[in-house]
Asks: 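Quick one: structure below, then a few questions.
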Amino acid sequence: MWNRKEPTKLGGGNKTKQMDQHSIDVDIQVSVVTEKLSDLLAQHLFVHPRLRREVRWATNDLHEYLRRFRDSAHKHKMDKKVPKFEFRVLQDCFMVDNITDIFLTTRTMLIHRQKGPMRPFLRLSSVWSQKFLMDGMKKVRLSFINFWNKSLEELTLSTSGQDIEENLSSDTASCYSSSLDTSMVSGVIGLDKEEEALVAQMLRSDDLGCQLRVISIVGIVGSGKTSLAKTIYNRQDIKEHFHVMVWIYVPTSFSVRDLLIDICKQAMSMNEAKVVSEENYNNLRRSLATILEENRYLIVMDNVWSTQLWDEVKHVFPDTKSGSRILLTTCDNEVAWRGSSRVDQGCELIQLNRLSDEDVWALFLKNMRWNEDRFNDLELTYFRNNVLRKCDGSPLAVTKLCSLLPAKSSDYHELLKLIDDHVSSGDDQNHQSSFSYRLTLSYQNLLPRIRPCYLYMGLFPRAFEIPIRRLFRLWIAEGLVIPDSGSSQTPEDLAEDYFKELVNKNMIEVTRRKSDGRPKTCRIPGILYDVFSAKAMALGLFFVHKYSEYNSVTSPKFHVRRLVEYVDMKNYPSSDFHNQHLLSYISFNTRRRDTPAHEVGIFLDKVTAKRGFGLLRVLDLEGVYKPRLPESLGKLLQLRYLGLRWTFLDSLTDSVGGLVYLETLDVKHTNITTLSTSIWKAKNLRHLYMNEVHFDVSVQKRPRGSLTNLQTLWGLSVGSTSLVVNWLSKLVGLRKLGLTCHSTRIQAIADWISKLTDLQSLKLRSIDEFGQPSDLKLVNMALHHKLTDLYLLGVLPKLAANEIFQFPPNLKILTLSGSQLDEESITLLGKLPQLNILRLFGSSYSGRKMECICGDFPELVVLKLWMLEELEEWKIEEGAMSHLRELEIRRCPNMKQVEGLNHLTTLKDLTLTNMPLHLVQNVKANVDGATSITVNEWKF
């Protein structure tokens, strides 16, 4: 039996390698500003030579000054001076950005109005705007250089012998040990099933179990990965099973050689370990291989944060065919999959999700050593809810909270205040350092371009389920997602890549998915939100107005660039100088549904009136009940995003078409029924969301312009006499289209749709003058390779045997309503090779019998049969729908028999809603016990 030693804290790190999170965020702000200026230089918007010189200073020298000052501060051991200097850098970045925005807005206004006799004056004004920008940049540069020289002088005069805080390496070392101790406090409450699965994998003794198996535990920071791994590591049956056991905590700054040395030290005797420390890399590999080949070993690698690290070390571990194991803990899904697939593609991943409320409360009571009789019933309920809200399912958050609360205190109000404030009640700096450090590591492992997008998500309220659609559009409008020059990627594609990376790194979680599995909403886990939302606000990324009274405690440190409203704006001082450079106004004040939100208009009126023109890029009032929009809305020339979804507004000013930079207009779920064709002038519009809205097109007033950049057109209504069809032909790049049209216009619409080969989602409704489903023209969609989601409402012609190829070849979701298909048509639909979801709604099928033969619907996962009044019998042959998991039959009153349900071996959920009693009994008698059956009786 080899010596067992305590887990090693690998790597010490040093101040030049480990950069403070705040420093990284300052670098991001500098990069955002300099990239913006570089882009404007490339567009030749700066004509005056002196102005171009000033701009080049900002783009070339700001990073260099920042680096040189940090180096000087480290050299003189005056790192406490760095935050002050960085704060000034942030101020100057915001000032340069503000000056640039004013210049761009003025320029836009001039271009927008350059007509007739005003042209000479406008040229003069253009020269003035260039001079304004040049003078402003020069003042910022001189002010910054003076501050730079003064700061360097302070560093030179300061002595290096004064007391200095412990350097980062010692902090880091304490973080490693603290992280292991914290894990042991938490235990594995709520992870019983995961522990059982892990032990089974560890002790597996069949043929696969004899191979070297790499097992990964993956989850967000604080989900209990280390705790679970440590519990396994210390189990007696595990200790008896493995001859060599090694635990390595992997820092972000790692050396493969140091890692191998630490593994050897834990596996060898003390005398042998001293010799190993002096060996070169190749000898280390041979020594380690010799040790491991002779034994059954378990190596735990805690906090594997990159695929690069795993790729460099995975070949070091030999497969002894004796049941050795490597256990990885990671926040990165890619690391987990790559690690677990090294030896055995079928190796199980252990995914840790949020703890249930019951487990969080049990863990809290255990750590506090409390009983529930500590408070009365009313106090206990309120106190418990506060704990659950703060911890948000995270074991690490429970541990942190318990460290802040005095275990012996019985003062109910004091404990509640500590929970709300998260104020430490004692000297717990080591734990706080460990907690912040572990969260910071996850953030630093993100690509630099993604970090601002992640911090931006902190403006949403805690635990708020963020619609993916809304998040992507805001990222783009705020200028946080910009494809590289020459890239074929659209901003929407890049935003989706960023989102996937955040999910992959477990920095956010998907809370709801669409029926096809695509994410619909997401959120930041509470343990991460508390840290990074506060960090983003401290950096001036946004300011949240969430108190009923405005005071110095809540006032911002910087000019407010993005104002986020949680409560009424009536107590927010709109005349405050902080609002002079407001770029975004986002409201979550949705608590009332009976009183129009007039204060929104009052606030916006004051802000725009004070500046004379608007710098706003984002105006997002989604969910605010009937806000009063300012009359000057059309003057917000920089507006990119106008979100009015669920506001129930009755109308929208025609001047919205004058917003030349507008990218997203969302009036879905409002009372707006008509839009002026002035919207056609918004040439940069990319996404237009509506609800059965008509364009006000007349012969006398034809729309000018062309929405050639439009990707989303959703909720358009085309009447029998509408002339809008004549201009729809200009829209050729649509990805998402939803429209309702009168049957007399369906042929022209169908011909247009046949040319939209970039479509990904299509909803097409054909109705008559009474609003009932009418004849629907089925166009050939064989070339629509990107179209995966299709919704058709209207009577379809009978499908011939060869017409199935008219459907999109990669169709995954098909919804039909009023189609009146016959039995032969359903058989043809069964041949669609990739169809995952099929919804047959009211009158979509007109036959009495439906039969699914062997091989039909090979990839179907979800099937819904609603209101098929003619259907009496349904037969499913063995081999049909071989992957079906979810089936719902609703309000099919004449259905008498369903035959072959026992052939659906993969069926998990079966729902019967308002179905005849005899059919319900028949179904229950013929369905496998593994299928969950739900019976509903609803009133319609």
Asks: Centroid separation under 6.0 Å, is that true for the rings of Trp680 and Phe695?
Replies: yes

Asks: Judged by modelled atom types alone, do Tyr641 and Arg470 share a side-chain donor-acceptor pair under 3.5 Å?
Replies: no

Asks: Report the C-alpha separation of Glu872 and Lys849 in whole Å, then their side-chain angles, then the decisive distance to 0.1 Å, and conclude whether the salt bridge (charged side-chain N to carboxylate O under 4.0 Å, His left out) test is met.
Replies: CA-CA 6 Å; Glu872 296 179 5; Lys849 295 182 180 181; over 6 Å; no

Asks: Under 6.0 Å between ring centres: does that hold for Trp866 and Phe841?
Replies: yes

Asks: Side-chain donor-acceptor pair under 3.5 Å between Asn506 and Asp332, yes or no?
Replies: no

Asks: Distance alone, cut at 3.5 Å: any donor-acceptor contact between the side chains of Asp751 and Ser754?
Replies: no

Asks: Please name the residue in the list Leu710, Thr712, Leu728 that meets the side chain to side chain contact (heavy atoms under 4.5 Å, CB included) test with Leu734.
Replies: Leu710

Asks: Could you verify whether a donor N or O on one side chain and an acceptor N or O on the other, from Gln711 and Asp758, lie under 3.5 Å apart?
Replies: no

Asks: Any side chain to side chain donor-acceptor pair (under 3.5 Å) involving residues 893-909? Give me the pairs, sequence neighbours left out, ordered by first then second residue.
Replies: none

Asks: Is it the case that Thr740 and Glu692 place a side-chain donor and acceptor less than 3.5 Å from each other?
Replies: yes

Asks: Test of understanding: with side chain to side chain donor-acceptor pair (under 3.5 Å), list the residues that count as partners of Gln834, not counting sequence neighbours.
Replies: Asn810

Asks: Just by distance, no angles: are the side chains of Thr670 and Thr647 close enough, under 3.5 Å, to form a donor-acceptor pair?
Replies: no

Asks: Determine all donor-acceptor pairs shorter than 3.5 Å in which one atom belongs to a side chain in residues 931-940; sequence neighbours excluded.
Replies:
| unit_1 | atom_1 | unit_2 | atom_2 | d |
| --- | --- | --- | --- | --- |
| Thr931 | OG1 | Leu907 | O | 2.8 |
| Asn936 | ND2 | Thr913 | OG1 | 3.2 |

